[in-house]
Amino acid sequence: MNIAFLSRQNLFFSVQRRRNRGLNGLYIVVGLFLLAYAMLFPGLLGISGFSKFTQNWFPLALVTMAQALLMLNGGISLAIGPLVSLGAVIAATTMGGPLGPIGGLLAVAASGLLVGALIGVIVAQLRLPAIIVTLAGSFIIGGIALIILPRPGGFIPDWLSNLLAGNGPVAFGLLVLLLVCWKLFLATPLGLGIYAVGDNPVGAFRSGVPVDRVRVTAFALSGLLTALVGLFVAAQTGSGDPVIGTPFTLNSIAGAVLGGVGFLGGKGTMRGAICGSLLLSVMINVMFFLGFSPVTQYVAQGLIILAAVAIPELTSQWSRKP
Amino acid sequence: MEQKAVSILKTALRNPPLLTLLLVALVWLAASLTLRGFGAYGHLRYLLELSAVIGIVAAGQTLVILMGGIDLSVGAIITVTAILLPLLSPSADPTGLSGLAIALAIATGIGFLNGAGAAYLRVPPIIMTLAMATFLQGLLVIVAGGSAVSVTNAAVLWLGQARPLGVPSGVMLWIAVSAVVLVIIHRTPLGARLLALGANPLASRLSGINVTRSMLVLYAMSGFFAGLAGILILGMNRQGYVGIGEPYLLTSIAAVVLGGTSILGGRGTYAGTIPGAILLVTTTALITVVNASPGWRSIMFGSLILALLLISGREGRR
């Protein structure tokens, strides 16, 4: 098929098809898990059950988005967990102060943007590998969180906790809103640049994409998302905890990779990443309902992650071989 | 004379391993002059003993990273060996060598499985080893039940405690491991293959390199070295518990990168990882000396890694 003969519409759909390839298996697995969960726990279909489920999934979905955003342009962050903790402790310490809840929200957002942009500048301008810069950054950010709030505590207004983690599907609404924003962002030159820079940095640079600016933007937006997850987690638990984010680092990578986002950049989709995080989240819920002990949950989780990544790869290998 | 000094400096700047080594020498010199007790033979020997553990884990990590992969299961493998070894050592064998062999075989087997997953199932190495680590974590709690196990194995205790000729046996083990790994990387066909694979996987496959076999061998070796480090830690601690290996995962990667090896593979050498490991341990020791809260200590550690990275770990300009 010659690309010159494709109309714009066909080109769009062929790109989308290529991006969706390999994700069909994931969609099926997620669907089966959701079905199993709905059968085990029929309350899922009610408003309250649905809200609770999406609230558990929401933080993981957001950190996975933050991680996927970086991986799409060839970066990665090992500082996701500590940055969630930082967001949580800033929220818990500022909201009761003179700034009030709005000021607290702004403080969390600003600190996330700032930390993300700083990491982005170091990676882009000094040409250091992202994985090791964020590894060093995770110690620094974790340390700052410990200094701000050495032990769990702080204050989150009740109405905020009830709004975000109450009986309404607010979290799900926010997630939909975020996905719409992501689609809009992808339509801007900067958003397109994220894929371009991840796929081929040199080519992108020669075509006039401001490579460094795209990288810094990606890191800044990812930092913003991550810090806001901290705010949500703080509202969920009603207090700030300086180490609450730790598991999010590896889970965000697992979610993104399950969703087909590649490590070398330019490969993968945000819907895949969201689906990957949904799989992780549903999996844990289903195993909980089946009465698996936490220990067997680890074993099963390892096996399911492997299967979800390996099976699409194997089937595509077999279908290529006649 | 001055020109010669400048040229030496220039060579050093272009040679990351040498640069890292110079950095270690500088830090040790400065610390010995300013801190009382730092330069004592006993203290330096202790630092080397701690570096040996990181250095041995990082040996496998260097090999895997050079090939363009990464091994996130080394922490879990260390824990597995440290917990299983006391349980597996048969009491009929007074030397404890058979227990050692069994534990190393298990560690190598886990590494081999990592390689098989990456090679046959085409799972990205980072997710394969991560899944393996999650899997092992669950398995361990089932086996050990969350309690610490003490070791009585004679060979393990000798490895962790003995000092033949005044040098800790762990450090001797590290020297042996270093020699073997350096020979593998720079003097064997396997070394040439793994550097080629890291530099350009497609081209090396097209030139007839057996990618599957190289992956199996290298991940198995990474598992073996992690197991060896696990045994050494067990000997030094006299106890194994769940989570004993966790701190060594990120430090092993940091040691490799500080030694100037590219995280993307294809470029670097174990000769850089050796001073990288010593540098990390020294940094941690210096931070412990400064009386600071855990938060500040963590900040200092991160900033120092970042600063060291600026000096030694830069990717080449495009």
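A quick note: this is a predicted structure, and the numbers were derived from the prediction, not measured. Every heavy atom of this structure was used, including side-chain atoms; hydrogens, water molecules and symmetry mates were not. Chain A is the first sequence line, chain B the second, and so forth, proteins listed ahead of strands; every chain is numbered from 1.
- Between the side chain of B/S303 and the main chain of B/I299, a donor-acceptor pair closer than 3.5 Å is present.
- Proximity to chain A is limited to the side chain of B/L130, based on heavy atoms less than 4.5 angstrom apart.
- No donor-acceptor distance shorter than 3.5 angstrom exists from the side chain of B/T269 to the backbone of B/G272, with no hydrogens or angles considered.
- In this structure, chain B has heavy atoms under 4.5 Å from both the backbone and the side chain of A/I144.
- Between the side chains of A/S85 and A/D241, not a single donor N or O lies within less than 3.5 Å of an accepting N or O.
- No part of A/I148 comes within reach of chain B, as not one of its non-hydrogen atoms sits under 4.5 angstrom from that chain.
- Interatomic distance, CG of A/L70 versus CD1 of A/I76, reported as 8.5 Å (0.5 Å rounding).
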